[in-house]
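Taking it in order: structure first as structure tokens, then the write-up.
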Amino acid sequence: MENLAMEVEAPPPPQSNEDNQNFGCAHYKRRCKIRAPCCNQVFSCRLCHNEATSSLSDPKDRHEIVRHDIKQVICLLCDTEQEVAQVCSNCGVKMGEYFCAICNFYDDDISKGQFHCDDCGICRVGGRDNYFHCKKCGACYVVNLRDNHLCLENSMKNYCPVCYEYLFDSVEVSIVMKCGHTMHDTCFLKMMQQNQYRCPICSKTLRDISYQWTMLDAEIEAVEMPEEYNYEVSILCNDCNTSKVRFHILGHKCRQCDSYNTRRVSSPEQE
């Protein structure tokens, strides 16, 4: 076979993205698509791939892309498939104003404050100066939580107890509750709107509802129990400890912390 030498022109300088604002998908604005190494299919982004494959009828075909394994992208301006890079090797356009060569991630909306966390191993949003990495919890938290939260080992590497989405790489904002467990902020607000004030995992009280306890005190004082119910039962307080209290049909108040977030752990016959 004849060996032909070719002179290769240097790619033109990066073009401005200001005139091309309609590229990308519902998740990210960008000027490239990715070729998924797991199934060799082309998608607008990692999340588009995961949404498409999660709906496949055969469970064996359902899978998620490993972002670090992406090797090839396709420029949306000139349709050139190439190795992962910020600038197209053919037309010179920036395929994303923000680009991470570790996560193979592109995004034009830099107002999100994207940054790569080496400890997390993925890109985060919100601005590097506004977050710190908690090594015990295994994730980035806002700086006002530094030395101001209960650490639970790898607490973010779990599923939201309400919607069951994996929290560590979720694009939804997550919060750390008083007990140290984590969940989506939107799921937490919905739970509060339904007057669900206990952690779905450990049942500890998540906010100050002492005014509700005061109202329950008044109700219990107004409802006198018949003589045959004059006995004590053992209770477990979800907020502190186990104790014995006088039985009442409306609730059992912890003697240590005054919480009604309790449950009976014995019947009168077991006393």
Side-chain angles (χ1 to χ4, degrees), residues 23-76 79-90 93-110 112-128 131-141 152-174 182-184 186-187:
F23 292 106
C25 60
H27 306 105
Y28 304 110
K29 295 301 178 185
R30 48 172 62 171
R31 280 151 192 80
C32 67
K33 291 188 176 184
I34 61 171
R35 184 172 293 281
C38 44
C39 53
N40 203 37
Q41 300 298 308
V42 175
F43 293 90
S44 293
C45 75
R46 174 181 65 89
L47 299 177
C48 288
H49 167 278
N50 293 346
E51 288 177 358
T53 56
S54 65
S55 61
L56 294 175
S57 57
D58 190 342
K60 293 184 293 184
D61 294 331
R62 299 171 192 167
H63 63 282
E64 293 191 353
I65 198 170
V66 178
R67 69 191 80 193
H68 305 99
D69 292 345
I70 298 170
K71 303 298 181 186
Q72 298 291 118
V73 295
I74 298 96
C75 176
L76 291 179
D79 205 32
T80 300
E81 184 162 352
Q82 58 203 276
E83 293 184 358
V84 170
Q86 185 173 22
V87 176
C88 176
S89 61
N90 182 55
V93 72
K94 272 188 180 180
M95 292 184 281
E97 287 295 336
Y98 175 82
F99 169 67
C100 176
I102 300 174
C103 295
N104 305 313
F105 174 56
Y106 302 80
D107 196 356
D108 268 347
D109 185 5
I110 56 176
K112 298 175 184 177
Q114 300 95 328
F115 65 97
H116 182 84
C117 174
D118 290 330
D119 290 313
C120 286
I122 60 175
C123 290
R124 299 292 190 187
V125 297
R128 187 181 299 276
Y131 286 81
F132 77 100
H133 184 87
C134 177
K135 292 187 179 296
K136 184 171 183 180
C137 294
C140 289
Y141 292 152
L152 293 179
E153 189 168 359
N154 291 324
S155 61
M156 281 291 288
K157 294 181 179 179
N158 283 296
Y159 295 87
C160 176
V162 173
C163 70
Y164 302 109
E165 181 184 359
Y166 192 58
L167 291 168
F168 180 71
D169 56 2
S170 171
V171 296
E172 299 290 333
V173 176
S174 298
T182 53
M183 67 188 305
H184 287 135
T186 52
C187 292

Should R124 and H133 be marked as a side chain to side chain contact (heavy atoms under 4.5 Å, CB included) after you check the CA-CA gap, both sets of side-chain angles, and the distance that decides it? CA-CA 11 Å; R124 299 292 190 187; H133 184 87; over 6 Å; no
Working note: D69 + C38, criterion side chain to side chain contact (heavy atoms under 4.5 Å, CB included); need CA distance, chi angles, decisive distance, verdict. CA-CA 9 Å; D69 292 345; C38 44; over 6 Å; no
Working for side chain to side chain contact (heavy atoms under 4.5 Å, CB included), residues T186 and V173: CA-CA 8 Å; T186 52; V173 176; over 6 Å; no
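F168 contributes atom CZ, which lies 11.5 Å from atom CG of N158 (distance to the nearest 0.5 angstrom). Atoms SG and NZ, on C45 and K33 in that order, are 11.0 Å from each other to the nearest 0.5 Å. Note: D118 CG to I102 CD1 = 5.5 Å, rounded to the nearest 0.5 Å. Between atom SG of residue C32 and atom CG of residue D79 there is a gap of 12.0 Å, rounded to the nearest 0.5 Å. Note that OG of S44 and CZ of F23 are 11.5 Å apart. Values are rounded to the nearest 0.5 Å. Note that the NE2 atom of H27 and the SG atom of C48 stand 5.0 Å from one another [nearest 0.5 Å].
The shortest non-hydrogen separation linking L47 to Y28 is CD1-OH, 3.7 Å. Closest non-hydrogen pair, C120 versus A139, comes out as SG-CA, 3.9 Å. Across C103 and G121, no two heavy atoms sit closer than the pair SG-O, 4.0 Å. What you find for C123 and H116 is that their closest heavy atoms are SG-ND1, 3.7 Å. Annotation for C140 and F115: closest pair SG-CE1, 4.4 Å, computed over non-hydrogen atoms. Across all their heavy atoms, C160 and M183 have their closest contact at SG-CB, 4.0 Å.
Annotation: side-chain contact (heavy atoms from CB on, under 4.5 Å) contacts of S170 (sequence neighbours excluded): E165, E172, H184. The ring pair (Phe, Tyr, Trp, His ring centres under 6.0 Å) search around Y98 returns F105, not counting sequence neighbours. T182 pairs by the side chain to side chain donor-acceptor pair (under 3.5 Å) definition with nothing, not counting sequence neighbours. Among residues two or more places apart in sequence or in another chain, the ring pair (Phe, Tyr, Trp, His ring centres under 6.0 Å) test is passed with F99 by Y106. Evaluation of the salt bridge (Lys or Arg N to Asp or Glu O under 4.0 Å) rule for K112 yields D107 as partners, not counting sequence neighbours. Partners of Y141 by side chain to side chain donor-acceptor pair (under 3.5 Å), not counting sequence neighbours, listed by chain and number: S155. By the side chain to side chain donor-acceptor pair (under 3.5 Å) test, N50 is found to be paired with no residue, residues two or more places apart in sequence or in another chain being considered.
Remark: side-chain polar atoms of R128 are not paired, donor with acceptor, to backbone N or O of G113 under 3.5 angstrom. Judged by distance alone, with hydrogens and angles left aside, the side-chain atoms of R30 form no donor-acceptor pair with the main-chain N or O of L76 at under 3.5 Å. At least one donor-acceptor pair closer than 3.5 Å links the side chain of Q86 to the backbone N or O of E97.
For residues 58-68, the pairs satisfying salt bridge (charged side-chain N to carboxylate O under 4.0 Å, His left out) are R67-D169, with sequence neighbours left out. Legend: ring pair (Phe, Tyr, Trp, His ring centres under 6.0 Å) pairs involving residues 35-58, not counting sequence neighbours, sorted by first then second residue: F43-H49, H49-H63. The list of salt bridge (charged side-chain N to carboxylate O under 4.0 Å, His left out) pairs with a residue in residues 131-140, not counting sequence neighbours, reads D119-K135. Sorted by first and then second residue, the salt bridge (charged side-chain N to carboxylate O under 4.0 Å, His left out) pairs with a member in residues 35-57 read R35-E81; sequence neighbours excluded.
Within a 6.0 Å sphere centred on OH of Y159, heavy atoms belonging to other residues, nucleotides or ligands number 12 at most.
Under the side chain to side chain contact (heavy atoms under 4.5 Å, CB included) test applied with N104, the options V73, V66, I70 reduce to a single match, I70.
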